[in-house]
Protein chains: 2
Amino acid sequence: MATTETPAEPLSIGEVAERTGLSVHALRFYEREGLLVGPVRRTSGGRRRYTTSDVDWLLICVKLRESGMPLADLKRFAELVRHGPGNEAERLRLLDAHRQRVDAQIQALEECRSVITWKVAVYAEHLARGEAEGLWAPTT
Amino acid sequence: MATTETPAEPLSIGEVAERTGLSVHALRFYEREGLLVGPVRRTSGGRRRYTTSDVDWLLICVKLRESGMPLADLKRFAELVRHGPGNEAERLRLLDAHRQRVDAQIQALEECRSVITWKVAVYAEHLARGEAEGLWAPTT
DNA sequence: ACTTGATCTAGACCTCACTCCAGCTCGTAG
DNA sequence: CTACGAGCTGGAGTGAGGTCTAGATCAAGT
């Protein structure tokens, strides 16, 4: 774990954007929305200083988002983590429910892929044997 | 092919909604947006009458949408089909590009799933051995 | 004829997840 | 000191993809 980096140097918002793939806009937005576990430290001048564990959390967030978890759920999860120990069962339920959704998504995508693949094959064959036949006149 | 139904009875918008999973609103919206291959027939009273090939096309659309094809691409595809034969190569490119995106998506989701699964395991183990340890004090 | 329920149109509205802007401040390099 | 880029805030704007409303019409049942 930990971002394969010095274990203590705080990072600027730009650096965090770079290593999470989120935009600086998105990072500020996530913070406003309460998606981070703790408040982000600031320099005396008011600039955000992210810790490596902030970044680790964000990397998890990115994976959860990427797999379609809505921000509302992410927020809920962050709240649970924020309120410390005692709610692990609920965190587990939340994650596990999401994992199931991801599985369903993968299955759905695989089904879509096979439909598309079939359609691609239809066109490929059609092209191979030269243009002809109403390929979709009523329906392929 | 064909929707395992009488090959000629036209369907109302409600029936089509039922068998495609799209809402009647969505069906009208898709039509306005030019996502259908041909214009939908109407009764003398102005009600839409869908043919089974309309439904077949919509079922393809649903699969493409479900796998993340943007409406704009779907529209492009519909246009190609609408303009009849001669552009099959382009249709093929469009579909094949999409198939590649779907593959990438599946891969990404699988990666997400493994991250989530790992996280679920962490919580499960934690719960099994009884509450303790700052599971996220810095980072899990 | 009356009632009921499905449809019709045009257009306003909605959610989600950001993204961008104005106007200002910070901080580092020359 | 000056410039200049990166960061700050609050709030408005964006784009995708629908969803909903109002007010009218159609069609079938009783």
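In what follows, every chain begins at residue 1, and chains take the letters A, B, ... in the order their sequences are listed.
- Close to D:dG18, at under 4.0 Å from its OP1 or OP2, lies a side-chain N or O of B:Tyr30.
- OP1 or OP2 of D:dC8 sits under 4.0 Å from a side-chain N or O of A:Arg48.
- Judged by distance alone, with hydrogens and angles left aside, the side-chain atoms of A:Thr43 form a donor-acceptor pair with the main-chain N or O of A:Gly46 at under 3.5 Å.
- A donor-acceptor contact shorter than 3.5 Å is absent between the side chain of B:His126 and the backbone of B:Val122.
- Salt-bridge formation is detected for the pair B:Asp73/B:Arg101: a Lys NZ or Arg NE/NH1/NH2 atom is positioned less than 4.0 Å from an Asp or Glu carboxylate oxygen.
- With a cutoff of under 4.0 Å to any heavy atom of chain A, the contacted region of DNA chain C is bounded 5' to 3' by C:dA17 to C:dG27.
- Looking at B:Asp54, its side chain does come within 3.5 Å of a backbone N or O of B:Thr51 through a donor-acceptor pair.
- Considering only side-chain N and O atoms, A:Ser12 lies under 4.0 angstrom from the phosphate OP1 or OP2 of D:dG7.
- Each of A:Gly45 and A:Arg28 has a nearest nucleotide on DNA chain C; the 5'-most of these lies closest to A:Arg28.
- For B:His25, the listed nucleotide lying nearest its side chain is D:dT21; candidates were D:dT21, D:dT9, D:dG18.
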Exercise answer: donor-acceptor pairs, residues 31-40 of chain A side-chain atoms, under 3.5 Å, sequence neighbours excluded:
from: A:Glu31; atom 1: OE1; to: A:Arg48; atom 2: NE; distance (Å): 2.5
from: A:Glu31; atom 1: OE2; to: A:Arg42; atom 2: NH2; distance (Å): 3.3

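- When each of B:Thr43 and B:Phe29 is assigned the nucleotide of DNA chain D bearing its nearest heavy atom, the one mapping closer to the 5' terminus is B:Phe29.
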May I have the list of side-chain donor-acceptor pairs in residues 58-67 of chain A shorter than 3.5 Å, sequence neighbours left out?
from: A:Lys63; atom 1: NZ; to: B:Glu111; atom 2: OE2; distance (Å): 3.1
from: A:Arg65; atom 1: NH1; to: A:Met69; atom 2: O; distance (Å): 2.7
from: A:Ser67; atom 1: OG; to: A:Lys63; atom 2: O; distance (Å): 2.8
from: A:Ser67; atom 1: OG; to: A:Leu64; atom 2: O; distance (Å): 2.9
from: A:Ser67; atom 1: OG; to: A:His98; atom 2: NE2; distance (Å): 2.9

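- The separation between A:Arg41 atom CZ and D:dC8 atom P is 16 Å, rounded to whole Å.
- Between A:Glu15 atom CD and D:dG7 atom C1' there is a gap of 12 Å when expressed in whole angstrom units.
- In the helix from C:dA1-D:dT30 to C:dG30-D:dC1, the terminal helix axes, each the rotation mapping four pairs' C1' atoms onto the next four within five end pairs, subtend 10°, rounded to 10°.
- DNA chain C is contacted by A:Arg65, A:Pro70, A:Leu71 of residues 62-76 of chain A, taking any non-hydrogen atom closer than 4.0 Å.
- The side-chain contact (heavy atoms from CB on, under 4.5 Å) test applied to B:Arg41 returns B:Arg49, not counting sequence neighbours.
- Taking the six-membered ring for Trp and the full ring otherwise, B:Phe77 and B:Trp57 have centroids separated by under 6.0 Å.
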- Message: side-chain contact (heavy atoms from CB on, under 4.5 Å) for B:Leu22 and B:Phe29? Distances and angles first, verdict last.
- Response: CA-CA 10 Å; B:Leu22 295 164; B:Phe29 170 72; over 6 Å; no
